[in-house]
Amino acid sequence: MIREQLKRLITQAILDAQSVGDLPAFELPAFTLDHPRQAQMGDYAASVAMQLARVARMPPPQIAQRIAKHLALGNLATYELASAYINLRLTPEYLTTQVDAILNAGEGWGNITIGAGQRVQVEHGSANPTGPLTVASGRNVVIGDTLANVLTAAGYAVHREWYVNNAGNQIRHFGASVYARYAQCLGVDEPFPEDGYRGEYITDIAKRMIEREGDRYLKLPKDEARRALGKLGIDDVMENVRTSLGRVGIYYDNFFSERSLYESGLFERVLPILRDKGLLLEHDGALWFSEDGSPIADTGTPIADLDHETKSKVDNQKSKIVQAVVIRSPKVIPDPTERPTYLASDIAYVWNKLVERGFNRAIYVWGEDHQGDVPRLMAVTRALGLDPDRVVLIIYRFITLMRNGQEVRMGKRAGNIVTLDDVVDEVGADATRYVLLSRSIDTKLVFDLDDVKRRAEDNPVFYPQYAHARICSILRKAAEQGSLSPASPITPAPPLPSSHAYAHPSELALIRKLLEIEEVVEQVATQLQPHHLTTYAQSLATTFNAFYRDCHVLGEAPEVTAARLKLARAAKLTLARTLALMGMSAPERM
RNA sequence: GCCCCAAUGGCGCAGUGGAUAGCGCGUUUGGUUGCGGACCAAAAGGUCGGGAGUUCGAAUCUCUCUUGGGGCACCA
């Protein structure tokens, strides 16, 4: 990356200055290279001279001068001193060579290597398999999928996983609900369970069961029938979920069964690790996890677990001491063959991720309702002797869906859900993904269906796609005129003769913007904030449109047209890559 | 009560400890005898919620207060 190259050159200049005595000896602190606010100040600005004032015991401008004196930038960039700032400007010659570099990189353009092949798992989605994929889960899967795309581009070996919560109370209620509808559809007067799922899709599932299996479950003992139909129901739901995910371009490497944590005996193998450390406590017939092994008071009333202590002011959430969380209790789950509690699964699952499968990092994408579980998972991870830094929790805020100026209320139990399919039907997959990505995960997102549809003309959702289609149109026209072989829209052309270096400010601005994609990939991969992609896509399209306005491509002198066609192709490639990272299509026409 | 998140032009939001805080929508005024007007330009619009602190330098870090959202069950 260019920024890293420039940083290395500055570091070298400081070392050189020190070795000849222009600067005194000191340990070089970490420093940054920023983009100056004003373009006229250059492409990058180093404020390192100010940082060094104390250790070098010199006025910052003088330090800047002495660093600059040793700066060996070659033809990469030029520098200017502005007080203590060292401003660097990439040269047109260098920028010109980068257009070829972009086209040569092809589909790999924008990829960086910071991941160094580390194995990272992104677990996302993982909604209870008790109903269709809702638009609320849409934010989860789109965030997770996009991060997975970007981490892949950043050089990580990424594994995409959906955790199927096919155990526990909710599943029991679900099974009972399917059974009730099943019986009712077959004319049996079966009461609907109180904690049941009231959505109509349950009846649909029941009908499909009848079609496939007939009435044979009526002949089984109720408990057995409920369990069996629950299992089949989950399969049915998950199949539909997969179809819905496919419509927004989301695929998984694995669907991981929660139940398998018990069926494989893993849970019973991992639990002794905690027991041996004295972190498991029996109390009132239940089994508890207590991170510091502190005894549980016999209060006679249900123990409110989280009397946390603050271990560190820096990161409360992650380092909280968790004193008591129940792992197994007959009051919660009476059936000893069923999964004990949610935490029990988390214990086995994190072990499975980090030890059995050996991922370097396990990223969990969780909605804000799971925020309270963060300390528990971190505590369990520590207790198992695993490095908590290998567990990364991404907590995103929920979305509010608006239609006709009103908030659409949703609840899976009550059955008034808006599915992701509904939204995709209404506004399309690309717009759905774009909107869900467009805000920081830390802020709540208002998804106004009417907004996205109504203003299809001046809608920011389609702006980058429009720019892409516009480039395609130019390239098509060029092909008709014989300026470009239509068969090879992105194969590299021969390098430009140096006399045709790009010189127009709008050309150079566009190249600079194209090069930024690597920084965006790095930023998203390190901050795990996918909305930077939408910001970049907008500004990339804007920069291209300025080029389009100022620099005519076709009908200029042959060398100029050839050079600008190359630049247009590089812009098309960069737009397409950005859209692909967001999981959006790059249309040739709109 | 404890914990997490948010507060930035009229509205919606970006912003990596660095220079004159940006973008979209909206508003106003303009733009193509040429490649897609789903485009572009200009203008108006800001005490970055209040206060204190750290720092050469704070929208950004710390503390505190205010307001709003979420989480704090032997639920998931």
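Below, read A as the first sequence line, B as the second, and so on, with proteins coming before strands; counting in each chain starts at 1.
Applying the Watson-Crick and G-U wobble criteria (two distances, each under 3.5 Å), B:C2 pairs with B:G71. Using the Watson-Crick or G-U wobble rule with both distances under 3.5 Å, B:U62 pairs with B:A52. Base-pair partner of B:U32: not found among the strands shown (Watson-Crick or G-U wobble, both distances under 3.5 Å). Across all strands shown, B:A19 has no partner, as no Watson-Crick or G-U wobble contact with both distances under 3.5 Å is found.
One finds a side-chain N or O of A:Tyr463 lying less than 4.0 angstrom from the OP1 or OP2 phosphate oxygen of B:C40. Considering only side-chain N and O atoms, A:Arg339 lies under 4.0 angstrom from the phosphate OP1 or OP2 of B:A76. Applying the 4.0 Å criterion to OP1 and OP2 of B:A41, one finds that A:Arg549 has a side-chain N or O inside that range. In this model, the phosphate group of B:G36 is approached by a side-chain N or O of A:Ser473 to a distance below 4.0 Å at OP1 or OP2. Regarding contacts with the backbone of B:A76, every side-chain N or O of A:Tyr197 stays at 4.0 angstrom or more from both OP1 and OP2. Regarding contacts with the backbone of B:U16, every side-chain N or O of A:His532 stays at 4.0 angstrom or more from both OP1 and OP2. Checking the phosphate oxygens (OP1, OP2) of B:C13, a side-chain nitrogen or oxygen of A:Arg439 falls inside 4.0 Å. Residue A:Asn545 places at least one side-chain N or O under 4.0 Å from the OP1 or OP2 atom of B:C40. The phosphate of B:A14 (OP1 or OP2) has a side-chain N or O of A:Thr443 nearer than 4.0 angstrom.
Looking at heavy-atom distances under 4.0 Å, A:Thr535 makes contact with sugar-phosphate atoms alone, never a base. A:Ala469 comes within 4.0 angstrom of a nucleotide base, judged by non-hydrogen atoms across all strands. A:Arg589 comes within 4.0 angstrom of a base, heavy atoms only. Using a 4.0 Å heavy-atom criterion, one finds that A:His531 contacts the sugar-phosphate atoms exclusively. A:Gln51 comes within 4.0 angstrom of a base, heavy atoms only. Counting non-hydrogen atoms under 4.0 angstrom, A:Ala546 reaches nothing in the nucleic acid. A:Ser47 comes within 4.0 angstrom of a nucleotide base, judged by non-hydrogen atoms across all strands. A:Arg397 comes within 4.0 angstrom of a base, heavy atoms only. Using a 4.0 Å heavy-atom cutoff across all strands shown, A:Gln529 reaches no nucleic acid atom at all. Across all strands shown, A:Ser440 has heavy atoms under 4.0 Å from sugar-phosphate atoms exclusively, and none from any base.
One can find a donor-acceptor pair under 3.5 Å joining the base of B:A19 and the side-chain atoms of A:Asn87. A donor and an acceptor atom never sit less than 3.5 Å apart when one is taken from the side chain of A:Asn165 and the other from the base of B:A76. A donor and an acceptor atom sit less than 3.5 Å apart, one in the side chain of A:Glu556 and one in the base of B:G34. Looking at A:Glu368, its side chain has no donor and acceptor atom pair within 3.5 Å of the base of B:G71.
Here the C1' atom of nucleotide B:U16 and the CD atom of A:Glu519 are 10 Å apart, to the nearest Å. Per the geometry, CZ belonging to A:Arg470 stands 6 Å off C1' belonging to B:G36, to the nearest Å. Between the CD1 atom of A:Ile441 and the C1' atom of B:A14 there is a distance of 15 Å, given to the nearest Å. To the nearest angstrom, C1' of B:A73 lies 13 Å from CG of A:Asn169. The nearest whole Å value for the distance from the CG atom in A:Leu540 to the C1' atom in B:G24 is 16 Å. Across the protein-nucleic acid pair, A:Met590 atom CE and B:A38 atom C1' stand 7 Å apart, rounded to whole Å. Atom CG of A:Leu377 and atom C1' of B:C4 are 16 Å apart (whole Å).
Nucleotides B:G17 and B:C56 place their C1' atoms 12 Å apart, quoted to the nearest Å. Spacing between B:G12 and B:G1 at atom P, rounded to whole Å, works out to 29 Å. Distance noted for atom P between B:G30 and B:G49: 37 Å (whole Å). Taking atom C1' in both B:G53 and B:U16, the straight-line distance is 23 Å, to the nearest Å. Spacing of C1' atoms, B:C65 relative to B:G71, comes out at 22 Å, to the nearest Å. Of the C1' atoms belonging to B:U60 and B:G22, the separation is 15 Å, rounded to the nearest Å. The same atom, P, is picked in B:G45 and in B:G9; the two are 15 Å apart, to the nearest Å. Nucleotides B:U28 and B:C61, compared at atom P, are 39 Å apart to the nearest Å.
Scanning both residues, A:Asn87 and A:Ala82, for their nearest heavy atoms gives ND2-CB, 3.9 Å.
Of the listed nucleotides (B:C74, B:A19, B:A14), B:C74 has the atom at the smallest distance from the side chain of A:Val332. Side-chain proximity of A:Met41 to the nucleotides B:A19, B:C4, B:C35 is greatest for B:A19. For A:Ala45, the listed nucleotide lying nearest its side chain is B:A19; candidates were B:C35, B:A6, B:A19. The side chain of A:Arg37 approaches B:A21 more closely than any other nucleotide in the set B:A6, B:A21, B:G70. Closest to the side chain of A:Thr341, out of B:G71, B:C74, B:A76, is B:A76. Of the candidates B:C35, B:A19, B:C13, B:C35 carries the atom nearest the A:Lys477 side chain, counting heavy atoms from C-beta on. In this structure, of B:C56, B:A19, B:U20, it is B:C56 that holds the atom nearest to the side chain of A:Met50.
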Practice task
Take A:Phe447 and A:Arg139, measure what side chain to side chain contact (heavy atoms under 4.5 Å, CB included) needs, and give me the verdict at the end.
Solution key: CA-CA 10 Å; A:Phe447 195 142; A:Arg139 190 170 195 191; over 6 Å; no
Practice task
Would you please test A:Asp346 and A:Arg376 for salt bridge (charged side-chain N to carboxylate O under 4.0 Å, His left out) and show each step?
Solution key: CA-CA 9 Å; A:Asp346 281 346; A:Arg376 299 178 188 188; over 6 Å; no
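Aromatic ring centroids of A:Tyr163 and A:Phe255 lie 6.0 Å or more apart. Taking the six-membered ring for Trp and the full ring otherwise, A:His35 and A:Tyr44 have centroids separated by under 6.0 Å.
Looking at A:Ser257, its side chain does come within 3.5 Å of a backbone N or O of A:Ser260 through a donor-acceptor pair.
Residue A:Ile327 holds its CD1 atom at 5.5 Å from CG of A:Leu271, rounded to the nearest 0.5 Å.
One finds a salt bridge joining A:Lys513 and A:Glu516 here, because a Lys/Arg side-chain nitrogen approaches an Asp/Glu carboxylate oxygen to under 4.0 Å.
Checking A:Gly555 against A:Gln527, the closest nucleotide of RNA chain B that is more toward the 5' end is the one next to A:Gln527. In this structure, A:Ala82 and A:Cys472 both approach RNA chain B, and ranking their closest nucleotides by distance from the 5' end singles out A:Ala82.
Surrounding NZ of A:Lys7 are more than 12 heavy atoms belonging to other residues, nucleotides or ligands, all under 6.0 Å away.
A cation-pi arrangement, defined by a distance under 6.0 Å to the six-membered ring centre and an angle within 45 degrees of its axis, is present between A:Arg470 and A:Tyr548.
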